[in-house]
Amino acid sequence: MTKEEILERLSFSVVRGDKEMARQAAQEVIEQKIDPVEAIEKGLSRGMNVIGERFSKMEIFLRELLMAAQTFDAAMEALEPEIAAQKREVTMRGTIVMGTVKGDVHSIGKDIVVTMLRTGGFDVHDLGVDVSPLSFVEAAQKNKADIIALSSLMTTTMPGQGEVIEVLKEMGLRDQYCVIVGGGPVNQQWADQVGADGYGETASDAVSLARDLLAERKK
Ligand code: B12
């Protein structure tokens, strides 16, 4: 199989909800030494976008959405160790607490960002999903974090990102942490509106963003 065919197969497996096909295609990625991040972005995520479109047009039901998510996860089980194995950084670049905001249980994108940040040399505390603003702040204090990273996949839960920043301000802690935001409906304009320190579109962006912010801080 060519690289293009493997990426296509990853995408198709998510659309079909076919876990076995996803596992096999992920195995091909590893055997052919294709970049696992590219496999996620140009394979699995492309399939997930198709599913998202179909769901919003009500062409498919929640059950199919869930099957697509489980298929994505099945391939990730094989790909994640490959990404982690790429870790070259020995020195810790900084500490990050990350989670998906209150009311939102979407975890796939957040998990990828966590993996990529760890690979990029950060100590990441994954707080999971449906995390309240106060829990983010408490975890940041407890772990002496440099950055709070907030994921949100729904327009209805995006305000939760702003709430974390509001809680930081109320507690007089805003200057102590950089806050970065991301997730499907989030963009730079939103980040500016809620007063975040940065926005990243992809997991790779999250790594460069975190590096740049900490380099700026250390100056
Ligand atoms: C899979 C999925 C689900 C799965 C999630 C499984 C899981 N464990 O995560 C399940 C089936 C559980 C689900 C449930 C629901 N979902 Co849903 N879901 C999706 C879907 C199809 C894909 C999301 C995904 O995983 N994408 C793939 C990952 C890799 O991409 P990503 O998350 O965007 O992450 C990347 C970037 O955004 C970025 N990133 C992410 N976070 C961060 C954070 C930072 C700091 C940075 C820098 C970057 C960054 O990096 C990631 C990797 O590159 C989307 C549609 C879509 N296209 O987004 C709908 C979607 C998000 N869901 C939607 C809805 C409505 C729901 C439900 C309400 C459905 C229902 N009726 O119950 C529930 C919500 C439950 C809840 N309270 O949260 C809507 C939201 C609409 C809105 N209001 O905005 C969407 C947009 C579908 C649609 N078009 O209607 N869903």
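Count residues from 1 along the sequence. Worth knowing before you read on, the calculation uses all heavy atoms, side chains too, and leaves out hydrogens, waters and symmetry mates. Order of appearance sets the numbers: ligands from 1, and atoms from 1 within every ligand.
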Problem - Apart from V105 itself, residues in the same hydrophobic cluster as defined by side-chain heavy atoms under 4.5 Å - result: V129
Handout entry: Point-to-point distance, once rounded to the nearest 0.5 Å, from CD of E38 to CG of L10
Key = 11.0 Å
Give me the pairs of N or O atoms, one from ligand 1 and one from the protein, that sit under 3.5 Å apart.
unit_1, atom_1, unit_2, atom_2, d
ligand 1, 8 (N), S107, OG, 2.9
ligand 1, 9 (O), S107, N, 2.7
ligand 1, 9 (O), S107, OG, 3.4
ligand 1, 9 (O), I108, N, 3.3
ligand 1, 16 (N), H106, NE2, 3.1
ligand 1, 18 (N), H106, NE2, 3.2
ligand 1, 41 (N), S151, OG, 2.8
ligand 1, 50 (O), A203, N, 3.4
ligand 1, 53 (O), A203, N, 3.1
ligand 1, 62 (N), H106, NE2, 3.2
ligand 1, 77 (N), G103, O, 3.0
ligand 1, 78 (O), V105, N, 2.7
ligand 1, 83 (N), T155, OG1, 3.0
ligand 1, 84 (O), T155, N, 2.8
ligand 1, 84 (O), T155, OG1, 3.2
ligand 1, 89 (N), G52, O, 3.4
ligand 1, 91 (N), H106, NE2, 2.8

With a cut-off of 3.5 Å and sequence neighbours excluded, list every side-chain donor-acceptor pair involving residues 22-37.
unit_1, atom_1, unit_2, atom_2, d
R23, NH1, E20, OE1, 3.2
E28, OE1, Q32, NE2, 3.2
Q32, NE2, M1, O, 3.0
D35, OD1, V37, N, 3.0

Practice task
Locate the shortest heavy-atom distance separating A203 from M116; write the atom from each residue and the value.
Solution key: CB-CG, 3.7 Å
Practice task
Share the residues that join M67 in a hydrophobic cluster, the rule being Ile, Leu, Val, Met, Phe, Trp or Tyr side chains under 4.5 Å apart at the heavy-atom level.
Solution key: none
Handout entry: Nearest heavy atoms of M98 and F136, plus distance in Å
Key = C-CE2, 4.1 Å
